[in-house]
Amino acid sequence: MPTAQSSEPAHDQLASKSQAWSALFSEPMSELVKRYTASVFFDQRLWQADIAGSLAHAEMLAAQGIIGAGDHAAIEKGMATIAREIEAGQFDWKLDLEDVHLNIEARLTQLVGDAGKRLHTGRSRNDQVATDVRLWLRGEIDLIGGLLKELQLALVEVAGQNVEVILPGFTHLQVAQPVSFAHHLLAYVEMFARDEARMQDVRRRVNVLPLGSAALAGTTYPLDRERVARTLGMEGVCQNSLDGVSDRDFAIEFSAAASLVMLHVSRLSEELVLWMSQSFGFIRIADRFTTGSSIMPQKKNPDVPELARGKAGRVVGHLMGLITLMKGQPLAYNKDNQEDKEPLFDTVDTLKDTLRIFVEMIGGQVNPATGAKEGGITVNAQAMRAAAMKGYATATDLADYLVKKGLPFRDAHETVAHAVKAAQAQGVDLSALPLATLQGFHPAIGADVFDVLSLEGSLNARGTLGGTAPAQVRAQIARHHARLGLHPKA
Ligand code: ARG
């Protein structure tokens with residue numbers, strides 16, 4: 001916990017923030033202003049990136065002869081101590097020192113003396129913070145990419161078990177045509193695959209080094225920026241110092257990509273909520289993802305999908321916040337930029353938690369005792385089938401059948417509308433009408449019509465690439481297996 005009062009010895013120039021540049025200042029900062037301007041409460045999560053950036057900078061300063069080898073060694077030693085202290089929860093974060101950067105630098109100087117004071121040569125907090133956020137976000141993007149892959153795998157696995165399960169496909173939430181449940185799930189796999197690719201693309205622009213831009217104009221020291229970039233595994237250096245310190249496009253791009261992930265999660269959530277309502281009854285999710293009602297004893301509410309749907313709004317809100325944060329800023333760094341962190345951090349946290357919970361809710365968890373997966377979604381194929389039978393989902397198939405017998409499509413469409421009307425009047429499916437009745441609508445109808453009126457016939461007929469025919473769906477599952485590096489179970 002940061003403490004408001006510093007009790008550091010006087011030799012520590014950074015004992016408090018107002019002392020960091022104190023010669024010019026005639027009065028101390030008020031407690032309120034300190035709290036208002038400090039970011040250490042939230043930006044301390046950047047500590048690993050901050051230390052990594054500082055070590056790469058110090059290594060380069062030494063290699064360029066800007067600081068001595070002894071200073072470099074002292075900085076490395078001090079930083080190792082600091083990392084241990086932070087990891088052990090023993091680091092004394094001070095509000096007085098405003099942010100993660102000043103806190104770490106002050107502690108370094110306390111530990112190793114003048115070598116610590118030399119670290120900031122040729123650097124500013126402006127290029128330092130931009131570097132830290134990029135390094136941190138790069139790591140998070142990699143974690144998110146892994147989770148997106150896991151979610152795709154979970155969906156592909158459930159799809160593999162449900163190729164022959166048929167549910168009504170909807171347009172306007174009206175029964176349209178029957179589709180394979182696997183096909184439906186694979187639509188989400190496409191979305192999450194695009195999300196994964198998008199994250200990779202964003203990563204390329206995140207992974208560029210601002211350090212060396214200094215405050216805004218570059219620096220007078222002979223820095224080797226490329227060397228620092230290599231040390232940090234970055235793909236290049238920012239080519240304009242003004243842009244380097246002030247660019248937050250990478251954060252906005254990431255938030256946009258994150259918003260799309262959440263939008264896809266939210267659409268899936270909406271389906272899960274519908275599917276598990278009593279009116280549908282298509283699926284069940286494990287009890288641990290639902291909650292009861294304090295008043296209605298029969299209830300099992302889909303809280304997790306509902307919350308995910310809600311959290312999508314929160315992430316999209318952060319995207320709007322970041323865009324609005326940047327739109328009025330003149331070059332170069334402005335303190336406004338400190339406000340980029342909380343939305344970005346919350347976006348990352350929300351995204352990771354949501355993806356983790358969805359992986360488990362969809363695919364289940366491995367039971368260590370049996371080695372089998374348990375607790376994923378349970379499919380009620382019967383209910384799906386009954387729903388598909390209810391809405392004349394094979395009406396288009398009858399029209400296509402008549403077209404193949406030579407009727408123009410518009411005439412076939414009209415003929416089938418009459419047949420559906422008659423079936424509705426009797427309260428039966430088209431396939432339950434006797435052949436003679438069907439032939440009354442058109443003499444070209446033969447006994448083979450019942451093949452196309454069945455749900456299976458309807459599915460099998462849609463064998464276009466990307467269609468719902470089981471053969472197509474299986475081919476897609478195989479493609480996803482290969483793409484995701486999963487070996488299908490023998
Ligand atoms: N905590 C600050 C931030 O997050 C670090 C940069 C401060 N630079 C400055 N010139 N005040 O943006």
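Just follow the structure's listing: the first ligand is 1, and inside any ligand the first atom is 1. What you see is a predicted model, and the numbers here were worked out from it, not measured in a lab.
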Quick check: does [X] get an N/O under 3.5 Å from an N/O on ligand 1?
| X | value |
| --- | --- |
| Glu98 | no |
| Asp99 | yes |
| Asn337 | no |

Which residue owns the protein heavy atom closest to [atom], what's the atom, and how far is it?
| atom | answer |
| --- | --- |
| atom 11 (N) of ligand 1 | Arg125 NH2, 3.5 Å |
| atom 8 (N) of ligand 1 | Asn126 OD1, 2.9 Å |
| atom 3 (C) of ligand 1 | Tyr333 OH, 3.3 Å |
| atom 1 (N) of ligand 1 | Gln338 OE1, 2.8 Å |

For ligand 1, which atoms have a heavy atom of Ser39 less than 4.0 angstrom away?
->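 Here the atoms of ligand 1 in question are 1 (N).
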Please confirm whether Lys341 comes under 4.0 Å of ligand 1, counting heavy atoms of the residue only.
->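 Under 4.0 Å: yes for Lys341.
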Any donor-acceptor pair under 3.5 Å from Arg225 side chain to Leu209 backbone =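 At least one qualifying donor-acceptor pair exists.
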Look at [X] together with [Y] and state whether they make a salt bridge at an N to O cut-off of under 4.0 Å.
| X | Y | answer |
| --- | --- | --- |
| Asp201 | Arg204 | yes |
| Asp43 | Arg45 | no |
| Lys117 | Glu105 | no |
| Arg483 | Glu190 | no |
| Lys34 | Asp96 | yes |
| Glu235 | Arg205 | no |

